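Chain A is the first sequence line, chain B the second, and so forth, proteins listed ahead of strands; every chain is numbered from 1. It should be emphasised that the depicted structure is a prediction, and the values quoted were computed from it without experimental measurement.
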There are 2 protein chains.
Amino acid sequence: MVEYSIQLNSVFSSLADPTRRDILRRVARKELSVSEIAQSYKLTFAAVSKHLTMLEKARLIHKRQEGRQHMISLSPRALKGAATYLRHYDGMWRGRLDSLEHYLDRGKTHVR
Amino acid sequence: MVEYSIQLNSVFSSLADPTRRDILRRVARKELSVSEIAQSYKLTFAAVSKHLTMLEKARLIHKRQEGRQHMISLSPRALKGAATYLRHYDGMWRGRLDSLEHYLDRGKTHVR
DNA sequence: AGAATATTCAACCATTTAGTTGAATGATAA
DNA sequence: TTATCATTCAACTAAATGGTTGAATATTCT
């Protein structure tokens with residue numbers, strides 16, 4: 001709430017669902033139609049369509065219409081924001097990492 | 001659903017909430033008690049406590065008890081999984097990026 | 001025009017989430 | 001022991017999520 005980037009909300013909630021992550025993985029390799037995507041899951045067409053709507057709102061995919069088919073491709077710009085966010089924490093698991101010493105220090109202060 | 005990592009679910013849903021991201025940012029700088037954290041938000045104590053429970057389940061924070069206070073610190077191991085996931089897509093926004101040429105190519109195939 | 005194909009919309013349901021309030025637990029201080 | 005402080009639990013509500021089914025829309029084929 002004290003934070004700048006509202007986009008991270010939709011990007012991270014999109015990534016929180018395994019079906020959506022799987023869709024991203026697949027359209028990253030190759031542009032696919034909605035039908036081609038939907039066939040891979042035990043879900044209804046409508047359910048997959050909803051997932052795609054979410055991914056599109058988060059700007060993680062791009063949808064273009066080709067005849068009666070809607071072709072989906074990855075639009076990785078938004079992912080970059082999330083990656084940048086996480087990279088921010090990169091130093092943390094190198095420096096004061098959850099290493100053995102870390103836990104040993106924890107132990108000490110805990111006894112205090 | 002076709003996917004390996006179940007942990008990514010809880011990590012990404014944790015990151016989807018701006019309050020939780022803000023908590024992470026703050027405890028990354030300095031270990032803080034639950035009270036100290038809660039004071040910064042207009043939420044009730046209980047609400048913040050719930051956020052912390054979520055972050056702990058996602059293994060993004062570590063909670064240790066010191067007297068009657070519970071001290072919270074960042075536990076960045078889990079974030080690494082998310083970062084690794086995103087790094088997977090790193091090449092994408094360098095190579096076939098949403099650049100001008102990309103859209104021009106799109107235009108061509110679209111006409112076909 | 002009519003049929004078939006591809007996708008979305010609308011209405012609904014169950015579950016989860018984010019919040020509240022008030023009581024309960026646990027630890028320290030008087 | 002009693003009071004106080006720090007935190008959580010329980011019960012509740014409103015909204016969001018992830019799913020369904022069936023109708024609606026848009027495009028292409030005959």
Are any of [X]'s side-chain N or O atoms less than 4.0 Å away from OP1 or OP2 of [N]?
X	N	result
A/His51	D/dG19	yes
A/Lys50	C/dA11	no
B/Arg20	C/dA18	yes
B/Thr44	C/dG19	no
B/Lys63	D/dT8	yes

Would you mind telling me which residue lines up with the more 5' stretch of DNA chain D, A/Ala16 or A/Gly67, judged by nearest nucleotide?
A/Ala16

Rounding to an integer number of Å, can you tell me how far [X] [atom1] sits from [N] [atom2]?
X	N	atom1	atom2	answer
B/Glu36	D/dC5	CD	C1'	14 Å
A/Lys42	D/dT20	NZ	P	10 Å
B/Leu43	C/dT21	CG	P	11 Å
A/Lys57	C/dT8	NZ	P	12 Å
B/Gln69	C/dT25	CD	P	22 Å
A/Phe45	C/dT5	CZ	C1'	10 Å
A/Ile37	C/dT8	CD1	C1'	15 Å
A/Glu56	C/dT8	CD	C1'	12 Å

Without swapping roles, check the side chain of [X] against the backbone of [Y] for a donor-acceptor pair under 3.5 Å.
X	Y	answer
B/Arg20	B/Ser14	yes
B/Gln69	B/Glu66	no
B/Tyr89	A/Arg25	yes

Decide yes or no for A/Ile61 and A/Ser73: does some side-chain heavy atom of the first lie under 4.5 Å from some side-chain heavy atom of the second?
no

Would you say the side chain of B/Asn9 lies within less than 4.5 Å of the side chain of A/Arg21, judging by non-hydrogen atoms?
yes

What's B/Thr53 touching, base or sugar-phosphate or nothing? Going by heavy atoms closer than 4.0 Å.
nothing

Mind checking if A/Ala46 touches a base, just sugar-phosphate, or nothing, with heavy atoms under 4.0 Å?
base

I want to verify a distance call: between D/dG19, C/dG19, D/dA26, whose nearest atom is closest to the B/Ala47 side chain?
C/dG19

The side chain of A/Arg68 lies closest to which of these nucleotides: C/dT20, C/dA18, D/dT27?
D/dT27

